[in-house]
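This structure is in structure tokens; I'll ask about it shortly.
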Amino acid sequence: QVQLVESGGGLVQAGGSLRLSCAASGSTISSYSMGWFRQAPGKEREFVSVILWSGSNTYYADSVKGRFTISRDNAKNTVYLQMNSLKPEDTAVYYCAASSRTALTISDSYDYWGQGTQVTVSS
């Protein structure tokens with residue numbers, strides 16, 4: 001059992017930056033791949049990024065590639081999402097998730113989810 005708590009969301013102007021954190025408890029994240037998803041009102045939850053358990057491989061949705069960076073600190077049991085050059089279309093609730101499987105751009109492959117943190121980007 002893993003509990004995940006996101007933090008770092010807020011209101012930011014377009015072009016600005018924000019760093020999200022996801023703190024895990026109940027288990028270490030070293031055995032899990034860690035992903036970020038987001039969901040805007042009225043829209044489906046979409047994949048944002050994932051970092052594999054080894055930390056050596058990362059993947060990004062085309063919409064955020066080049067702007068967002070995912071990282072993990074297993075010693076702190078925390079995963080991060082650095083978001084730069086934010087756009088209004090990035091506005092959403094951002095969720096972190098943990099997966100012990102390999103289909104990591106698919107939400108169904110994740111075992112545990114946080115409650116989300118709101119990111120609002122103003123124009």
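Computed from a predicted model, the values in this text were never measured in an experiment.
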Where Ser21 and Thr78 come nearest, the two heavy atoms and their spacing: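 Here Ser21 and Thr78 meet closest at CB-CG2, 4.3 Å.
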Where Ala24 and Val2 come nearest, the two heavy atoms and their spacing: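 That would be CB-CG1, 4.1 Å.
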Aromatic Tyr80 / basic Arg72 pairing, under 6.0 angstrom, 45° off normal: no
Linked, directly or transitively: Trp113 and Val5 (ILVMFWY side chains, under 4.5 Å): no
Flag side-chain contact, heavy atom, 4.5 Å: Val50 against Thr58: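 Not in contact.
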Aromatic plane relationship, Tyr32 with Tyr112 - under 30° parallel, 30 to 60° tilted, over 60° perpendicular: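 Perpendicular: the ring planes of Tyr112 and Tyr32 meet at over 60°.
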Ser17 side, atom OG; Asn84 side, atom CG - distance, nearest 0.5 Å: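 Interatomic distance, Ser17 OG to Asn84 CG, rounded to 0.5 Å: 3.5 Å.
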Working for side chain to side chain donor-acceptor pair (under 3.5 Å), residues Ser100 and Asp111: CA-CA 7 Å; Ser100 60; Asp111 305 289; 3.1 Å; yes
Residue pair Arg67 / Ser63: nearest heavy atoms and the distance that separates them: NH2-O, 2.8 Å
Heavy-atom closest pair, residues Ser123 and Ala14: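 Taking every non-hydrogen atom into account, CA-CB, 4.3 Å.
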Nearest-0.5 Å distance that lies between atom CG in Leu81 and atom CZ in Phe37: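 Rounded to the nearest 0.5 Å, the CG-CZ separation comes to 12.0 Å.
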Working for side chain to side chain contact (heavy atoms under 4.5 Å, CB included), residues Trp36 and Glu6: CA-CA 10 Å; Trp36 287 95; Glu6 303 94 336; 3.9 Å; yes
Side-chain donor/acceptor of Asn77 to backbone N/O of Ser27, under 3.5 Å: yes
Nearest non-hydrogen partners of Ser49 and Ile70, listed with the distance: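 Taking Ser49 first and Ile70 second, the nearest heavy atoms are OG-CG2, 3.2 Å.
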Close side-chain approach of Met83 to Tyr94, heavy-atom, < 4.5 Å: yes
Contact summary for Ser99 and Ser109, nearest pair of heavy atoms: OG-O, 2.7 Å
Check: Arg38 and Glu46 side chains under 4.5 Å, non-hydrogen atoms: yes
Atom pair CG/OG of Asn74 and Ser31 - distance to nearest 0.5 Å: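 If I round to the nearest 0.5 Å, the distance is 9.0 Å.
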Heavy-atom neighbours of Gln115 CD exceed 12 at 6.0 Å: no
Residue among Thr120, Val121, Val64 satisfying side chain to side chain contact (heavy atoms under 4.5 Å, CB included) with Leu86: Val121
Side-chain heavy atoms of Gln82 within contact of Leu20, under 4.5 Å: no
Close side-chain approach of Val79 to Ile51, heavy-atom, < 4.5 Å: yes
Value rounded to 0.5 Å, distance of CG in Asn57 from OG in Ser33: 9.0 Å
Rounded distance (nearest 0.5 Å) linking atom SG of Cys96 with atom CE of Met34: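 Cys96 atom SG to Met34 atom CE measures 5.0 Å (nearest 0.5 Å).
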Test item: Phe68 and Asp90 side chains (from C-beta on) under 4.5 Å apart, heavy atoms: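 Side chain of Phe68 against side chain of Asp90, heavy atoms only: contact under 4.5 Å found.
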Glu44 side, atom CD; Ser107 side, atom OG - distance, nearest 0.5 Å: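 Glu44 CD to Ser107 OG: 9.0 Å, rounded to 0.5 Å.
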Within-4.5 Å side-chain heavy-atom neighbours: Val48 and Tyr95: no
